[in-house]
There are 2 protein chains.
Amino acid sequence: MTMEANVLPAHLKTDLADGVFAAGCPSRTVLDHITSKWGVLILVALSEGEHRWSELRRRADGISEKMLAQTLKTLERDGLVLRKPQPVIPPHVDYSLTDRGYELTALLVPLVTWAYNNADDILNGRP
Amino acid sequence: MTMEANVLPAHLKTDLADGVFAAGCPSRTVLDHITSKWGVLILVALSEGEHRWSELRRRADGISEKMLAQTLKTLERDGLVLRKPQPVIPPHVDYSLTDRGYELTALLVPLVTWAYNNADDILNGRP
DNA sequence: CAGGATCCACCATGATACTG
DNA sequence: CAGTATCATGGTGGATCCTG
């Protein structure tokens with residue numbers, strides 16, 4: 001019996017243009033943003049609802065203020081995250097997902113969940 | 001009308017333990033591997049079927065030999081990619097997905113597809 | 001409270017050359 | 001063909017201090 005193992009079925013492939021493999025493809029830049037170390041965590045955190053700066057800082061354990069600012073700015077410029085300054089005393093800023101950001105996290109959360117569930121087996125060489 | 005916008009429904013959240021946000025969580029390491037710049041492309045390429053070293057080198061446009069070797073080694077150690085040296089003349093090596101790698105690409109390919117389809121809008125500030 | 005600015009260190013990455 | 005070895009570098013990311 002001849003069969004090629006572990007090849008994605010056609011219906012999953014059709015949407016994936018060859019372009020993603022090209023060096024100059026814009027998707028590379030976008031992928032860099034959304035799969036960045038902290039980008040993933042921030043997006044997943046926001047998928048649970050609106051968060052303040054200080055909440056995100058605590059939630060994404062280990063992130064520096066610099067990287068939080070940089071990550072949020074990139075995601076905001078990409079139209080994935082919405083920044084809402086609240087002019088109250090004391091002032092704060094709320095971050096949430098845009099529609100496009102929400103669409104993205106629907107794909108991202110399962111990936112992170114999978115990584116979480118498989119991490120121990122993977123890192124310990126278990127099948 | 002009060003409603004919280006763009007929050008994932010409960011059934012998608014339940015599986016996602018708070019642990020992923022912890023600095024020491026093993027999933028961070030795994031995420032680093034599978035969301036790395038070249039890791040993503042190699043996994044997606046292999047989701048289309050078995051590839052040789054030289055094929056992967058050409059497919060992942062712009063990758064250096066060093067990065068290809070490093071990426072493949074990491075993915076192999078993680079049990080996501082299978083390495084099969086072919087003792088023929090001239091010799092070559094086939095790379096393919098393990099069952100676990102296949103499971104992963106089922107989640108990864110939609111993400112890459114999304115990035116590809118949205119890249120232009122995102123980078124040009126279109127809604 | 002939410003950042004901006006600056007300095008610095010290191011590691012990931014790339015180029016090149018060589019080998020089993 | 002499929003890598004490994006070595007070296008150079010620059011960009012990512014952290015620490016610290018400062019501000020609206």
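Because only heavy atoms are used, hydrogens play no part in the values below, and waters and symmetry mates are left out as well, while side chains stay in. Please read all numbers here as calculations on a predicted model, not as lab measurements. Naming convention: chains lettered A, B, ... in sequence-line order (proteins, then strands); numbering from 1 in each chain.
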(message) How would you summarise protein contacts on nucleotides 14-20 of chain C per nucleotide, using B for base, S for sugar-phosphate only and - for none, with heavy-atom distances below 4.0 Å?
(response) BB-B---
(message) Classify A:Arg52 by what it touches in the nucleic acid, base, sugar-phosphate, or nothing, heavy-atom distance under 4.0 Å.
(response) sugar-phosphate
(message) With the threshold set at under 4.0 Å for non-hydrogen atoms, list the residues of residues 69-83 of chain B touching DNA chain D in residue-number order.
(response) B:Ala69, B:Lys73, B:Arg83
Below 4.5 Å, heavy atoms only, C-beta onward: do [X] and [Y] meet side chain to side chain?
| X | Y | value |
| --- | --- | --- |
| B:Leu41 | A:Arg28 | yes |
| A:Leu56 | A:Leu46 | yes |
| B:Leu82 | B:Asp94 | no |
| A:Met67 | A:Leu72 | no |
| A:Arg52 | A:Val93 | no |

(message) Defining pairs by Watson-Crick or G-U wobble geometry with both distances under 3.5 Å, how would you list the stems of DNA chain D with at least three pairs each?
(response) C:1-20 with D:1-20
(request) Check A:Gly19 against A:Cys25 and note the closest heavy-atom contact, atom names and distance. (result) O-CB, 3.2 Å
(request) For A:Thr98 and A:Gly79, work out which heavy atoms get closest and say how close. (result) OG1-O, 2.6 Å
Donor-acceptor contacts under 3.5 Å from residues 120-127 of chain A side chains, at least two apart:
residue	atom	partner	partner atom	Å
A:Asp121	OD1	A:Arg126	NE	2.7
A:Asp121	OD1	A:Arg126	NH2	3.4
A:Asn124	ND2	A:Asp120	O	2.9

(request) Could you pull out all residues at least two apart from B:Asp99 that satisfy side chain to side chain donor-acceptor pair (under 3.5 Å)? (result) A:Asn6
(request) Report yes if a side-chain nitrogen or oxygen of A:Tyr95 is closer than 4.0 Å to either non-bridging phosphate oxygen (OP1 or OP2) of C:dG3; otherwise report no. (result) yes
(message) Can you give me the first and the last nucleotide of DNA chain D (5' to 3') that has an atom within less than 4.0 angstrom of a non-hydrogen atom in chain A?
(response) D:dG13 to D:dA15
(request) Measure the CG-CD1 distance between A:Leu68 and A:Ile42 for me, rounded to the nearest 0.5 Å. (result) 5.0 Å
(message) Does this structure show an ion pair linking A:Arg59 with B:Asp18, if we count only N-O contacts that are shorter than 4.0 Å?
(response) yes
(request) For B:Ser96 and B:Glu50, indicate whether the former's side chain and the latter's backbone hold a donor-acceptor pair under 3.5 Å. (result) no
(request) Let me know the distance between CG of A:Leu68 and P of C:dC1, rounded to the nearest Å. (result) 14 Å
(request) Kindly indicate, with the supporting measurements, whether the criterion side chain to side chain contact (heavy atoms under 4.5 Å, CB included) is fulfilled by A:Leu97 and A:Leu43. (result) CA-CA 8 Å; A:Leu97 293 178; A:Leu43 286 167; 4.0 Å; yes
